[in-house]
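Comments concern the structure below.
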Amino acid sequence: MFDLEKRFKKLEIGELLKGSYDTRDAIISIYAGVGGDDAGDWARMLGEMYIRYAQNKNWKTRIIDTNVIEIKGEYAYGFLKGEMGVHRLVRMSPFSAKQLRHTSFALVEILPDLPTIEVQKFSIPEDDLKFEFSRSGGAGGQNVNKVETKVRIVHIPTGVWATSQVERSQSQNRERALTLLKAKLLQRMETAKAKELGDLRTKAKPEWGSQIRSYVLNPYKMVKDHRTNVETTNVSSVLEEGLLDTFIEAELELYRNEK
């Protein structure tokens with residue numbers, strides 16, 4: 001009976017994952033909010049949580065840049081797309097000598113790994129791009145850290161940017177960063193219902209608005225999603241073990257109800 005229920009659940013979720021890019025791999029970018037060391041540490045914690053979630057599903061992960069993770073797996077983007085938004089952490093700060101309670105915010109951005117043909121078709125005027133090169137900070141071969149292989153590309157009209165340092169050559173990282181930038185801009189256009197790239201020329205910045213989920217470690221323990229009201233007091237199972245299925249399945253149901 002349990003196996004039957006599991007198969008039914010899988011079929012039901014499959015019905016919910018019919019978006020244009022739901023079958024694609026996913027790129028997770030995590031941006032620390034204001035708060036110094038606490039915010040940076042919170043971004044790191046979230047990255048580790050998503051890596052563990054991916055491992056639970058036997059998906060492959062790769063670090064593209066600091067707090068940027070590539071996740072390869074069937075329906076990775078479809079499952080993870082609802083995680084996009086502001087995540088809030090409340091805890092006793094490990095960086096505070098007075099052991100004060102601290103609230104940190106991080107913005108999670110989820111992008112699909114676009115098909116090559118879509119990347120090639122989406123053209124960005126060269127004059128709208130600013131290229132920055134620096135030495136990679138990661139591990140690699142003898143040339144990786146001696147030459148400027150890390151690439152950061154900024155779309156000047158919107159301020160949207162993407163970076164890559166995981167590849168071994170500057171040209172490979174340039175290509176990877178440009179693919180990520182196009183994915184970001186396409187997603188912005190879809191959200192804004194913009195038909196042309198030029199329609200995005202108002203300055204676009206991450207919005208640090210209301211959080212989609214709170215993770216409270218002190219004075220009590222609770223993870224709560226503010227969209228679906230799903231919650232648990234087992235914080236370690238979420239942050240340390242990456243057990244996000246209950247939250248993500250509720251997000252998928254929410255999408256279905258909104259259609």
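Quick caveat: nothing in here was measured; it's all calculated off a predicted structure.
- A salt bridge does not link Lys150 with Glu167: every distance from a Lys NZ or Arg NE/NH1/NH2 to an Asp or Glu carboxylate oxygen is 4.0 Å or more.
- Remark: Asp41 pairs with Arg44, Arg91 by the salt bridge (charged side-chain N to carboxylate O under 4.0 Å, His left out) rule, at least two apart or across chains.
- Here Gln170 pairs with nothing under the side-chain hydrogen bond (donor to acceptor under 3.5 Å, both in side chains) rule; sequence neighbours left out.
- Hydrophobic cluster membership is shared by Val238 and Val108, with clusters built from Ile, Leu, Val, Met, Phe, Trp and Tyr side chains linked at under 4.5 angstrom.
- Listed for the Gln187 side chain is a donor-acceptor partner under 3.5 Å among the backbone atoms of Ile110.
- Residues Ala177 and Ile153 approach most closely at CB-CD1, 3.9 Å, considering heavy atoms.
- When the side-chain contact (heavy atoms from CB on, under 4.5 Å) test is applied to Glu241, the partners found at least two apart in sequence or on another chain are Ser237, Leu243.
- Side-chain N or O atoms of Thr163 include one that pairs as donor or acceptor with a backbone N or O of Val151 at under 3.5 Å.
- Within the 4.5 Å cutoff, no side-chain heavy atoms of Lys182 are placed close to those of Glu118.
- Residues that satisfy the side-chain contact (heavy atoms from CB on, under 4.5 Å) test with Ser96, not counting sequence neighbours, are Ser93, Lys98, Leu100.
- Listed by chain and number, the residues in a side-chain contact (heavy atoms from CB on, under 4.5 Å) with Ala39 are Ala32 (sequence neighbours excluded).
- Under the side-chain hydrogen bond (donor to acceptor under 3.5 Å, both in side chains) criterion, Ser164 pairs with Asn173, not counting sequence neighbours.
- A donor-acceptor contact shorter than 3.5 Å is absent between the side chain of Asn218 and the backbone of Met92.
- Among residues two or more places apart in sequence or in another chain, the ring-ring contact (aromatic ring centres under 6.0 Å, His included) test is passed with Tyr53 by Trp59.
- Taking Asp37 as the reference, nothing meets the side-chain hydrogen bond (donor to acceptor under 3.5 Å, both in side chains) condition, with sequence neighbours excluded.
- When all heavy atoms of Ala54 and Thr61 are compared, the closest pair comes out as CB-CG2, 3.5 Å.
- Salt bridge status for Lys130 with Glu132: present, with a side-chain N to carboxylate O gap under 4.0 Å.
- Lys224 meets the side-chain hydrogen bond (donor to acceptor under 3.5 Å, both in side chains) test with no other residue; sequence neighbours excluded.
- Checked against Leu129 for a side chain to side chain contact (heavy atoms under 4.5 Å, CB included), the options Val154, Ile156, Leu181 give a single hit: Leu181.
- Shortest non-hydrogen contact noted between Ala106 and Ile30 is CB-CG2, 4.2 Å.
- Using a 4.5 Å heavy-atom threshold, the side chains of Thr103 and Arg88 count as touching.
- Using a 4.5 Å cut-off on side-chain heavy atoms (C-beta onward), Ile27 and Ile64 make contact.
- In this structure Glu240 satisfies the side-chain contact (heavy atoms from CB on, under 4.5 Å) test together with Ser236, sequence neighbours excluded.
- Here the closest non-hydrogen pair linking Ile28 and Ile71 is CD1-CD1, 3.5 Å.
- Tyr220 belongs to a hydrophobic cluster whose other members, connected by ILVMFWY side-chain contacts under 4.5 Å either directly or through intermediates, are Val90, Val216, Met222.
- The ring-ring contact (aromatic ring centres under 6.0 Å, His included) check on Tyr215 picks up Trp42, His87, with sequence neighbours excluded.
- Ring geometry, Phe133 versus Phe131: the interplanar angle falls under 30°, so the pair is classed parallel (tilted spans 30 to 60°).
- Using a 4.0 Å cut-off between a side-chain N of Lys or Arg and a carboxylate O of Asp or Glu, Arg213 and Glu231 do not qualify as a salt bridge.
- Figure legend: Lys184 and Trp161 shown as a cation-pi pair, the cationic atom lying under 6.0 angstrom from the six-membered ring centre and within 45 degrees of its axis.
- Checked by atom type and distance alone, the side chain of Arg188 never pairs as donor or acceptor with a backbone atom of Val160 at under 3.5 Å.
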